[in-house]
Amino acid sequence: MTMSRLKIMTIFGTRPEAIKMAPVVLQLAKYPDMIEPVVAVTAQHREMLDQVLKLFAIKPDHDLDIMATGQTLFDITCRAMQGLNAVLAQEKPDMVLVHGDTTTTFAGALTAFYHQIAVGHVEAGLRTHNRYSPYPEEMNRKLTGSLTDLHFAPTGTAQANLLQEGVDPADIFVTGNTVIDALLATVDPQYRFTCPLLAGINYTDRKVILVTTHRRENLGEPMRHVYQALRDIVREFADVEVVFPVHRNPLVRDVVNSELGGLERVHLIDPLEYQPFANLLARSYLVLTDSGGIQEEAPALGKPVLVLRDTTERPEAIEAGTVKLIGTDRDRVYTETRLLLTGQAEYEQMANACNPYGDGCASRRIVQAILWRKGLSAGRPGSFCRE
Ligand code: UD1
Ligand code: UDP
């Protein structure tokens with residue numbers, strides 16, 4: 001008797017989902033006797049998604065190509081669901097895997113539910129408990145969690161959040177975050193930048209501040225205040241270089257250009273591919289960001305992070321002391337950045353490498369959990385335990 005293989009469809013659409021799903025896609029492909037992997041991308045992001053697909057040599061089986069300039073949450077949700085409806089009707093997978101908190105994530109989970117297909121949620125259980133911060137991500141996570149059959153919680157904190165919401169403990173697997181799998185496969189002390197700007201920086205003599213901003217709730221004035229604080233910092237500290245890969249959202253770009261354009265030692269560049277970005281992170285002095293993923297990566301590399309947000313669903317690195325939540329007030333951003341540039345003790349206290357988010361084995365645990373749940377493997381995978 002030949003056993004039919006499990007058809008597992010991964011669905012993602014933005015840069016961070018792609019980076020964090022890539023290790024899972026590659027791991028699923030390691031069991032050709034048991035698993036038939038299918039990749040569907042909404043392409044909620046276009047160029048920023050394609051950069052990641054190229055790096056990890058992933059060729060989607062379905063590409064909905066939905067991105068449009070100035071897309072609204074309604075546009076993304078409707079286009080993604082319509083496209084995925086057709087893809088699921090055709091492929092009829094045994095399980096769909098979605099990742100994290102984007103609108104693609106929620107639309108993917110809801111469409112799978114309408115087809116009565118099991119949903120696995122990678123990076124499940126992160127919560128701020130504030131439905132408008134981050135917006136719409138907190139709600140995307142909660143709604144996706146309600147639609148999920150298998151919850152892959154990266155940490156014990158995320159697991160506790162799910163248990164508090166009444167999720168059956170048997171349906172939760174603590175796996176670590178797959179971003180650490182991707183990071184460990186990408187950072188290399190011997191890596192050489194091909195971009196002349198990054199190759200030309202002296203990372204020992206200069207203090208590189210790496211900056212990224214994109215959160216919807218920071219668009220407009222909050223971002224403007226952050227950039228004004230940065231301008232003051234660059235004027236005061238002659239050994240600082242700011243490297244700022246600017247998100248492709250025109251609403252971000254306009255404010256960045258008006259506040260930071262043309263300044264000496266402020267390098268406004270296009271989004272970097274993941275390999276140069278991760279290796280730049282590893283060589284930076286400190287990071288200012290409102291990104292979720294970078295809050296997870298920087299601690300593993302011992303880089304202090306000032307988080308330009310009022311809430312975070314990632315408290316572990318704050319507890320570990322590597323990350324500080326500072327918001328977007330101009331004076332606060334200036335003062336906290338200045339402190340890390342002048343106070344050696346303050347800097348060293350934060351610059352401790354720690355790995356609360358993963359150990360590089362998350363994608364293996366996720367695939368093991370699926371096989372075990374489907375009766376194709378003997379043991380439940382062990383849980384990830386933070387350092
Ligand atoms: C989206 C996610 C957010 C995630 C972020 C990661 C939602 C609602 N938001 O936010 O959770 O943290 O991605 O970066 O799911 N654009 C391009 N090319 C690209 C990507 C974006 O031109 O490759 C421009 C387009 O004009 C697009 C705009 O950026 O309309 C905004 O993209 P969108 O996905 O709506 O929001 P993000 O802020 O990127
Ligand atoms: N990243 C990248 N190039 C860049 C900026 C970020 O590859 O120019 C990576 C970063 O290492 C992290 C992910 O993109 O893995 C974070 O994406 P983003 O900040 O857009 O989204 P979030 O994590 O906030 O959802």
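Both counts, for ligands and for their atoms, begin at 1 and track the order of listing. When reading the values below, keep in mind they use all heavy atoms of this one structure, side chains included, and skip hydrogens, waters and symmetry mates. Values in this document were obtained by computation on a predicted structure and should not be read as measured data.
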- Specify the closest pair of heavy atoms between V187 and A282, including all atoms of both residues, with the distance to one decimal. CG1-CB, 4.0 Å
- Query: Does an N or O anywhere in T102 fall below 3.5 Å from an N or O of ligand 1?
  - Reply: no
- Query: Taking the six-membered ring for Trp, are the ring centroids of F384 and Y357 within less than 6.0 Å of each other?
  - Reply: no
- Backbone or side chain, does any N or O of I19 fall under 3.5 Å from an N or O of ligand 2? no
- Going by atom types only, do R338 and Y334 share a side-chain donor-acceptor pair under 3.5 Å? yes
- Message: Hydrogens and angles aside, do Y203 and E241 bring a side-chain donor and acceptor to less than 3.5 Å of each other?
- Response: no
- Message: Show the nearest heavy-atom pair for residues A112 and V119, with the distance to one decimal.
- Response: CB-CG2, 3.8 Å
- Can you get from L325 to M223 by hopping between Ile, Leu, Val, Met, Phe, Trp and Tyr side chains that sit under 4.5 Å apart? no
- Using a 4.0 Å heavy-atom threshold (strictly under), name the region of P250 that reaches ligand 1: side chain, backbone, both or neither. side chain
- Path from Y285 to V240 over hydrophobic side-chain contacts below 4.5 Å: yes
- Task: Scan side-chain atoms only and decide if T289 and T212 contain a donor-acceptor pair under the 3.5 Å cut-off.
- Result: yes
- Query: Where is the tightest heavy-atom contact between V323 and Q295, given as atom of each residue plus distance?
  - Reply: CG2-O, 4.1 Å
- Query: Is ligand 2 less than 4.0 angstrom away from at least one heavy atom of R215?
  - Reply: yes
- Query: For ligand 1, is there an N or O atom under 3.5 Å from any N or O atom of P16?
  - Reply: no
- Query: Can you name the one residue among T128, T311, D310 that meets side chain to side chain donor-acceptor pair (under 3.5 Å) with S133?
  - Reply: T311
- What is the closest protein heavy atom to atom 33 (P) of ligand 1, and at what distance does it sit? Q71 NE2, 3.2 Å
- Item | Atom indices of ligand 2, in the order listed, that fall short of 4.0 Å to a heavy atom of Y274 | 7 (O), 11 (O), 15 (O)
- Task: Give the atoms of ligand 1, by number and element, whose distance to some non-hydrogen atom of P136 is under 4.0 Å.
- Result: 8 (C)
- Item | Protein heavy atom at shortest distance from atom 23 (O) of ligand 2 | G293 N, 2.7 Å
- Query: Which heavy atom of the protein is the closest neighbour of atom 19 (C) of ligand 1, given with residue, atom name and distance?
  - Reply: E47 OE1, 3.3 Å
- Atom indices of ligand 1 within 4.0 angstrom of M48 heavy atoms, with elements: 19 (C), 20 (C), 23 (O)
- Query: Using 30° and 60° as the class limits, which term best fits the ring planes of Y191 and F193: parallel, tilted or perpendicular?
  - Reply: perpendicular
- Task: With heavy atoms under 4.0 Å as the rule, classify the contact between S291 and ligand 2 as side chain, backbone, both or neither.
- Result: both
- Do D331 and H225 have side-chain atoms, one donor and one acceptor, less than 3.5 Å apart? no
- Query: Closest heavy-atom contact between L183 and A278?
  - Reply: CD1-CB, 4.0 Å
- Protein contact to atom 5 (C) of ligand 1 [nearest heavy atom, distance to 0.1 Å]: H214 CE1, 3.6 Å
- Message: Heavy atoms only, cut-off 4.0 Å: how does R15 contact ligand 2, side chain, backbone, both, or neither?
- Response: side chain
- Out of T77, N140, T103, T42, whose heavy atom sits nearest atom 8 (C) of ligand 1? T103
- Task: Test L49 against every option in I19, V41, T42, T104 by the side chain to side chain contact (heavy atoms under 4.5 Å, CB included) rule and name the one that passes.
- Result: V41
- Item | Nearest-contact summary for atom 25 (O) of ligand 2 - protein heavy atom, Å | P16 CG, 3.4 Å
- For ligand 2, does K20 get within less than 4.0 Å through its side chain, its backbone, both, or neither, judged by non-hydrogen atoms? neither
- atom 22 (O) of ligand 1: the protein heavy-atom neighbour that sits closest, reported with distance to 0.1 Å: M67 CE, 3.5 Å
- Ligand-side contact atoms (ligand 1) for residue partner T69, heavy atom cut-off under 4.0 Å: 26 (O), 30 (O)
- Task: State whether F173 and R380 meet the cation-pi test: NZ (Lys) or CZ (Arg) under 6.0 Å from the six-membered ring centroid, and within 45° of the perpendicular axis.
- Result: yes
- Task: Identify the heavy atoms of Q190 and R283 that sit nearest to each other, and give their distance.
- Result: C-NH2, 4.4 Å
- Item | T105 and ligand 1 - part of the residue with a heavy-atom distance under 4.0 Å | neither
- Task: Of the side chain and backbone of I76, name the one, both, or neither that has a heavy atom under 4.0 Å from an atom of ligand 1.
- Result: side chain
- Message: If you apply the rule side-chain contact (heavy atoms from CB on, under 4.5 Å), what do you find for K92 with K7, and how did you get there?
- Response: CA-CA 8 Å; K92 297 185 174 48; K7 191 187 267 198; 5.9 Å; no
- Compute the ring centroids of F244 and Y227, then answer whether they are less than 6.0 Å apart. yes
- Between the candidates Q44, H45, E17, R253, which shows the shortest non-hydrogen contact distance to atom 39 (O) of ligand 1? H45
- Verify whether one side chain among T77 and T103 offers a donor that lies under 3.5 Å from an acceptor in the other. no
- What part of H247 sits under 4.0 Å from ligand 2 if we count only heavy atoms: the side chain, the backbone, both or neither? neither
- What's the shortest distance from atom 36 (O) of ligand 1 to any protein heavy atom, and which residue and atom give it? R216 NH1, 3.2 Å
- Which ligand 1 atoms, with their elements, are less than 4.0 angstrom from a heavy-atom of L73? 8 (C)
- Task: Please report which non-hydrogen protein atom sits nearest to atom 31 (C) of ligand 1, along with the residue it belongs to and the distance in Å to one decimal place.
- Result: N249 ND2, 3.8 Å
- Contact check, A68 vs ligand 1, heavy-atom distance below 4.0 Å: yes
- Note on the structure: Note: E137, heavy atoms under 4.0 Å from ligand 1, region reported as side chain
- Sub-4.0 Å atoms of ligand 2 with respect to non-hydrogen atoms of L272: 2 (C), 3 (N), 4 (C), 7 (O), 8 (O)
- Message: Within ligand 2, which atoms have a heavy atom of E297 less than 4.0 Å away?
- Response: 10 (C), 11 (O), 12 (C), 15 (O)
- Note on the structure: Here the atoms of ligand 2 under 4.0 Å from any heavy atom belonging to P245 are 8 (O)
- Message: Does any N or O of ligand 1 fall below 3.5 Å from an N or O anywhere on T14, backbone included?
- Response: no
- Query: Does a donor on one side chain sit under 3.5 Å from an acceptor on the other, for E123 and N177?
  - Reply: yes
- Query: Quick one: which ligand 1 atoms are inside 4.0 Å of a heavy atom on R46?
  - Reply: 19 (C), 23 (O)
- Query: Of the protein's non-hydrogen atoms, which lies at the shortest distance from atom 1 (N) of ligand 2, and what is that distance?
  - Reply: F277 CD2, 3.7 Å
- So which of G292, A298, P271 gets nearest to atom 22 (P) of ligand 2, if we judge by its closest heavy atom? G292
